[in-house]
Each structure stands twice: as C-alpha cells, then as structure tokens.
Protein chains: 2
Amino acid sequence: MLKAREDAIVSSVNRLLAEKGFDAMTVDDVAADVGIAKASLYKHFVSKEELAAAAMIRVLDYTLAFIATLEAKPEVAAIDQLKAVARWTMKVQLAGEMPSLPAQNSALRVVLTANKPYIDRLIQVSGKLGAWIMAAQASGQLDRKLPPEVLLYTLFARACDPVLGLLKSTSTYSDEQITEMLLSTCFDGLAGAGPRLESV
Amino acid sequence: MLKAREDAIVSSVNRLLAEKGFDAMTVDDVAADVGIAKASLYKHFVSKEELAAAAMIRVLDYTLAFIATLEAKPEVAAIDQLKAVARWTMKVQLAGEMPSLPAQNSALRVVLTANKPYIDRLIQVSGKLGAWIMAAQASGQLDRKLPPEVLLYTLFARACDPVLGLLKSTSTYSDEQITEMLLSTCFDGLAGAGPRLESV
DNA sequence: GTCTATACACAGATAGAC
DNA sequence: GTCTATCTGTGTATAGAC
C-alpha cells in the first residue's frame with residue numbers, strides 16, 4: 001500500500017517535471033495531481049528536491065532495465081546499441097515522460113550529488129554506455145579523435161535536447177521522423193553521413 | 001546618462017542570467033550588482049521578464065554584428081561561415097556571457113513572443129543563418145536529407161548546450177580544445193568526419 | 001498517514017518622500 | 001530618477017487534530 005502510494009507520487013512528479021520543469025513545478029501541483037494533501041506528501045518525502053531525486057532514480061532504473069535487454073544481444077554492434085539507447089530516450093521525451101532538471105539550481109545539485117542511490121545508478125549507466133562507446137571507437141564507428149568522456153556527455157545531453165520539443169510543437173513531422181532526424185544530427189552531424197569510405 | 005545606466009543594468013542582467021539562469025536570478029540580485037535600489041530598476045524596466053528580454057536583444061544585436069563581419073567576406077564557403085558563428089557562440093558561452101533562459105517558463109515566453117524588437121532580431125538571425133544553411137546544402141557540405149529548419153534549430157540549441165559548461169567544470173581541456181571538440185560533434189557527429197568521398 | 005490550518009521566508013512590484 | 005519602506009502573493013514546510 002505504502003509502496004503503491006509512493007509510486008503514484010513519483011509518477012506525478014515525473015510527469016510534472018517533464019511538463020513544467022523543476023522550478024515551475026510546485027509541491028501543491030504534485031499534491032493536487034496525486035489527489036492527497038500537501039502535508040501527506042511530506043510524510044513520504046522530506047523535501048521537493050527529494051521528490052525530484054526519486055523521479056530521476058526511477059528514470060535511471062528504467063534506463064538500466066532497457067540497457068539490460070540490449071545486453072542480451074551481444075551480437076549487435078556497439079554503435080547500434082548506443083543508437084538504440086538514444087532512440088529510447090527520445091521516445092521517452094516525446095511521450096512527455098522525461099523529467100527536466102535545471103543545470104544551475106544549486107540546492108538541487110547538492111541533494112542529488114549526496115544521494116547515493118541516484119549516484120550509483122548514474123555511474124552504472126555511464127559505465128555501460130562508456131563500454132559501448134570505447135568498443136565503437138575501437139572499431140572506428142565512433143570518432144577516435146574525441147575522448148570517450150565527451151561522447152558520453154553529448155549522448156546524455158541529447159536525452160534532454162530542447163530541439164525535440166521545439167520540432168514537436170512547431171513542425172508537422174511525426175514522432176518517428178523527428179526521432180530519426182535527431183538521431184542523424186547526433187551521430188552523423190549537420191553534415192550528414194555522406195558517401196564514406198569503409199573504416200578499418 | 002540614462003542610456004549608460006540602462007546599459008549597465010543590461011550588462012548585469014546578462015551576466016547573472018548566464019551565471020544563475022532566469023529563475024534563480026532575483027531582481028534584488030540585479031539591483032545589488034548594478035549598485036542601485038530595486039525601485040530604481042523598475043523606473044527603467046517594467047518587469048523581470050523585460051529585463052531578460054533586453055539582455056536577449058543585446059545578445060542578438062552582437063550576433064548580428066558578428067554575422068555582418070562575416071558577410072563582408074562572401075568568398076568564404078557557407079559551411080565555414082556557419083562554423084564561425086558556432087565558434088563565436090561557444091566563445092560567448094565560455095566567457096560566461098551567454099544568458100540562459102528556461103524553455104518552459106510560460107510567463108517569459110509570453111513576454112518574449114510579444115516583444116517586437118526581440119522577434120525582429122530573431123527573424124533576422126534566422127534568415128541569415130538559413131541562407132547559409134541552404135547554400136551549404138546545395139553544395140553538399142550540409143546534409144541535404146534534413147530540412148533546413150532542423151539544421152537551424154540544432155545550431156541554435158548548440159549555442160546553449162550544457163555539454164560545454166559540463167566539460168569546462170569537470171575536465172582539464174582548454175577552452176580552445178573544448179570548442180573544437182564540440183564543433184566536431186555538432187557538424188560531424190559522434191561518428192566523426194572519417195575518410196570521406198568528395199561530394200558533388 | 002491523512003487532513004485543515006498556518007507559520008515562515010522570500011521575491012516581484014509599488015508608494016511616496018526627496 | 002533615486003531612495004527607504006512596504007504591500008502582496010506565493011511557495012516550502014510544519015503543527016496538531018483525527
């Protein structure tokens with residue numbers, strides 16, 4: 001029961017974070033969305049920041065679960081595994097379920113960096129993506145001249161790229177078209193793949 | 001005198017927006033930074049949103065001025081003009097002078113979209129970049145399969161890409177190295193340019 | 001654990017004297 | 001136009017009854 005209630009809270013937080021962002025989301029919003037009193041919320045989570053942390057933890061858990069399904073197919077090339085992850089994050093975004101946190105809110109940063117469950121999952125995701133990145137570099141499918149770190153950060157950033165929301169709201173492209181175009185700009189750049197010699 | 005004072009205000013707003021973002025920046029912050037009373041601020045600008053708009057207008061003016069210097073060299077290829085603009089926006093970011101506005105704050109959006117001087121400049125910048133984008137597509141230097149609109153939005157988004165700040169704060173790369181690496185991921189993607197046949 | 005009611009802090013904006 | 005002082009709304013968090 002308690003677990004189910006908290007799960008409902010996290011679901012509301014997740015959607016509200018995706019819709020309005022952390023700063024614009026109020027605890028009153030969450031309470032109203034869940035359908036309970038604000039004071040009751042604080043019996044489950046000690047602060048607004050912890051609410052956001054719980055939502056991020058759940059997203060990372062879903063991400064790890066998705067990565068696990070990919071790891072079951074080791075025959076797939078590393079580059080394609082990475083593209084599958086990118087496609088998945090875009091799908092989550094398009095569904096309005098990707099929480100967006102401000103990069104600059106320091107109170108939130110303090111709570112998140114002190115939150116071990118969150119950090120643990122972040123490290124796990126980074127490790128798994130990092131392994132694929134280095135494998136893809138080794139086989140020449142990702143740029144060898146760039147540090148893996150830079151490729152990793154860029155991939156993470158594309159999971160909350162504002163371009164996606166902009167295209168969805170101002171253009172007439174389908175979700176699938178948007179996904180494929182942004183996947184292209186991410187991996188092949190604005191220049192596109194173009195005619196290409198085979199890499200070693 | 002009045003003009004100089006307002007210019008000082010916009011400078012403070014610009015820097016504070018870059019440092020803390022719109023939501024975290026308070027009007028008290030601005031007043032303290034300028035060194036005047038808050039009430040005096042409101043004699044110059046009617047709201048916090050208008051302060052942000054003024055800062056954005058100035059950035060767009062600087063951008064248009066920079067573009068004008070590039071237009072003085074029509075012999076330069078369109079793709080290189082676009083790269084020069086991207087390099088310039090990254091330089092502004094690295095200098096801590098790129099204001100960052102939340103994509104989701106609706107009150108701010110209302111004010112900005114109703115602000116003709118702002119919209120005019122935005123259209124001017126879009127027009128000039130759009131012309132280069134289509135020229136670069138025509139000569140095969142930018143992906144012809146992607147709509148110009150998508151390329152334009154992606155370029156705009158890179159002007160406030162959080163990856164830059166992340167690399168600056170967690171890595172040991174120089175500003176020049178960071179700039180070149182992100183320019184590479186932007187135009188050539190995570191895959192890199194690689195060995196490439198000449199395009200028509 | 002859920003509620004109603006409220007404390008507390010702070011930010012945007014204004015009043016009114018000079 | 002600048003100041004000090006203040007209003008007003010709102011958002012996080014808590015008290016205390018049930």
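Proteins get letters first, then strands, A, B, ... in listed order; numbering begins at 1 in each.
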Exercise for review: Flag the pair A:Q104 / A:R109 as yes when at least one side-chain heavy-atom distance between them is below 4.5 Å, and no otherwise.
Suggested key: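 Contact flag for A:Q104/A:R109 side chains = no.
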Rounding to a whole Å, what distance do you find between [X]:[atom1] and [N]:[atom2]?
X	N	atom1	atom2	result
A:K43	D:dA17	NZ	C1'	11 Å
B:D28	D:dA5	CG	C1'	13 Å
B:F45	C:dT14	CZ	C1'	18 Å
A:K3	C:dG1	NZ	P	13 Å
B:L41	C:dA11	CG	P	15 Å
B:F22	C:dG12	CZ	C1'	10 Å
B:M25	C:dC10	CE	C1'	16 Å
B:R5	D:dC3	CZ	P	7 Å

Practice item. Kindly indicate whether the side chain of A:K48 and the base of D:dG11 share any N or O donor-acceptor pair separated by less than 3.5 Å? Key: no
Which nucleotide, [options], lies nearest any side-chain atom of [X]?
X	options	result
B:A37	D:dA13, D:dT12, D:dT4	D:dT4
A:I36	D:dT12, C:dG12, C:dC3	C:dC3
A:S47	D:dT12, C:dA13, D:dA13	D:dA13

Review point. Between atom CZ of B:R121 and atom OG1 of B:T63, what is the distance when rounded to the nearest 0.5 Å?
Key: 11.0 Å
**Study point:** Pairwise distance CD(A:E6) to CG(A:L41) - rounded to 0.5 angstrom
**Key:** 10.5 Å
Review point. Quick one: is A:Y42 getting a side-chain N or O under 4.0 Å of the D:dA13 phosphate, OP1 or OP2?
Key: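 Yes, such a contact exists.
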Check your understanding: Between A:R158 and A:D161, is there a salt bridge with N-O shorter than 4.0 Å?
Key -> yes
**Study point:** Other residues, nucleotides, ligands: >12 heavy atoms within 6.0 Å of B:K20 NZ
**Key:**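 More than 12 heavy atoms, drawn from other residues, nucleotides or ligands, come within 6.0 Å of this atom.
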**Study point:** Residue whose closest nucleotide on DNA chain C lies nearer the 5' end, A:S40 versus B:A39
**Key:**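 Residue closer to the 5' terminus by nearest nucleotide: A:S40.
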